[in-house]
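Down below is the structure, laid out as structure tokens.
These values consider heavy atoms only, across backbone and side chains, with no hydrogens, waters or symmetry-generated copies. Chain identifiers are assigned alphabetically (A, B, ...) following the order of the sequence lines, protein sequences preceding nucleic acid strands; residue numbering begins at 1 within each chain. It should be emphasised that the depicted structure is a prediction, and the values quoted were computed from it without experimental measurement.
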Number of protein chains: 2
Amino acid sequence: MLKTTIELEKAATILKLLGDKTRLAMMKILDKHDCCVCEFVAIFKTSQPSISQHLRKLRDLGLVKEERRGQWIFYSINKSNEYYPFIQQILEQLPSQDDKLKDLEEQGTRISCC
Amino acid sequence: MLKTTIELEKAATILKLLGDKTRLAMMKILDKHDCCVCEFVAIFKTSQPSISQHLRKLRDLGLVKEERRGQWIFYSINKSNEYYPFIQQILEQLPSQDDKLKDLEEQGTRISCC
DNA sequence: TTAGTATATAATGATATGCTTATATATACA
DNA sequence: TGTATATATAAGCATATCATTATATACTAA
């Protein structure tokens with residue numbers, strides 16, 4: 001168990017952000033693998049702008065980082081964020097979302113860009 | 001670390017519920033002490049209906065239980081809820097809210113009903 | 001029974017959220 | 001340069017959320 005505590009209001013802000021199934025699944029996936037936007041678009045049944053908007057919210061709080069690699073923009077968990085330990089403890093309790101990525105690989109979608 | 005995992009959609013629902021500073025503080029307080037509604041009304045700067053509505057949401061998901069004691073209705077954490085371990089790990093990382101209760105005692109407000 | 005206290009619920013309104021469509025920007029490549 | 005691809009942003013809309021005020025219900029005690 002972690003000893004550190006986190007200010008309650010800040011915790012509420014983070015939990016609210018994680019309290020959306022798309023963002024929560026994104027964070028769970030990102031905790032293990034970097035991903036580009038097109039992968040998320042393929043994984044979740046929603047539009048590209050919707051994915052971008054979710055990522056922006058996560059980025060605005062510093063929970064994820066973005067990095068351009070050529071044509072693509074890869075997102076990764078920001079492990080140096082001061083709230084990462086708090087978030088990680090939550091993510092650890094969630095089932096792996098690797099099956100979602102695996103489905104993409106089988107479809108060949110993941111290989112197309114990443 | 002807990003071994004159990006929790007369905008992702010259910011986790012998102014719970015996190016969304018906890019993603020409100022009033023409800024999150026309530027849960028943190030309830031994790032240590034039972035409380036009646038009038039205490040919460042005194043602690044938080046909001047109306048009694050607002051408090052009741054927050055408690056209803058927590059109750060609807062089975063996160064808290066209510067118990068009438070005469071004129072008052074006491075709320076307590078529902079430790080037998082299947083998601084309690086998940087919630088507890090989150091609450092553990094938050095700072096104690098005992099100061100809020102202490103303030104009430106000093107004002108004499110807590111003693112009035114509880 | 002009546003008055004007072006504690007709590008819940010209903011109705012309403014302001015603001016937030018999350019999606020969609022349309023468009024802008026940046027890169028890759030022929 | 002022109003076209004295609006990847007991503008971000010803007011605008012608009014439907015729905016959700018959270019507070020407030022008003023009212024209903026339940027219990028207590030005179």
Regarding A/N78 and A/S80, is there a side-chain donor-to-acceptor distance under 3.5 Å anywhere?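 A pair is found: one side chain offers a donor N or O, the other an acceptor, under 3.5 Å apart.
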Do the side-chain N or O atoms of [X] get closer than 4.0 angstrom to the phosphate oxygens (OP1, OP2) of [N]?
X	N	value
B/T46	D/dT20	yes
A/S52	D/dT7	no
B/R56	C/dT9	yes
B/H54	D/dT17	no
A/R59	D/dT9	yes
B/Y75	C/dA8	yes
A/S50	C/dC19	yes

Touch class at under 4.0 angstrom, heavy-atom based, for [X] against every strand present:
X	answer
A/K57	sugar-phosphate
A/R23	sugar-phosphate
A/K21	nothing
A/K16	sugar-phosphate

Examine the base of D/dT9 for any acceptor or donor lying under 3.5 Å from a partner atom in the side chain of A/Q48, and report the outcome as yes or no.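 Not at all, since no donor on one side and acceptor on the other fall under 3.5 Å apart.
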hbond_proxy A/Q53 side chain to C/dT20 base (donor-acceptor, 3.5 Å cutoff):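 In this structure, the two groups form a donor-acceptor pair.
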Could you tell me if the side chain of [Y] sits less than 4.5 Å from the side chain of [X], heavy atoms only?
X	Y	value
B/I77	B/L63	no
B/L91	B/L24	yes
A/L30	A/F40	yes

[X] [atom1] - [N] [atom2] separation (whole Å):
X	N	atom1	atom2	answer
B/F74	D/dA26	CZ	C1'	16 Å
B/D60	D/dC18	CG	P	13 Å
B/I73	D/dT28	CD1	P	11 Å
B/F40	C/dA6	CZ	P	16 Å
B/W72	D/dT28	CH2	C1'	9 Å
B/L55	C/dT9	CG	P	11 Å
A/Q71	C/dT25	CD	P	18 Å
A/L24	C/dG18	CG	C1'	16 Å

Heavy-atom pair of closest approach, residues A/D34 and A/E39: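 Heavy atoms only, the tightest pair is O-OE1, 4.2 Å.
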Considering heavy-atom distances to DNA chain C, does A/R68 or A/K45 have its closest nucleotide positioned more toward the 5' end?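 Its nearest nucleotide lies further toward 5', so the answer is A/K45.
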When you measure from the side chain of B/D20, which nucleotide among D/dT9, D/dC18, C/dT7 comes out closest?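 Shortest atom-to-atom distance from the side chain points to D/dC18.
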Is there any side-chain hydrogen bond (donor to acceptor under 3.5 Å, both in side chains) pair reaching into residues 7-29 of chain A, and which pairs are they, with sequence neighbours excluded?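 Qualifying pairs, neighbours excluded: A/R23-A/H54.
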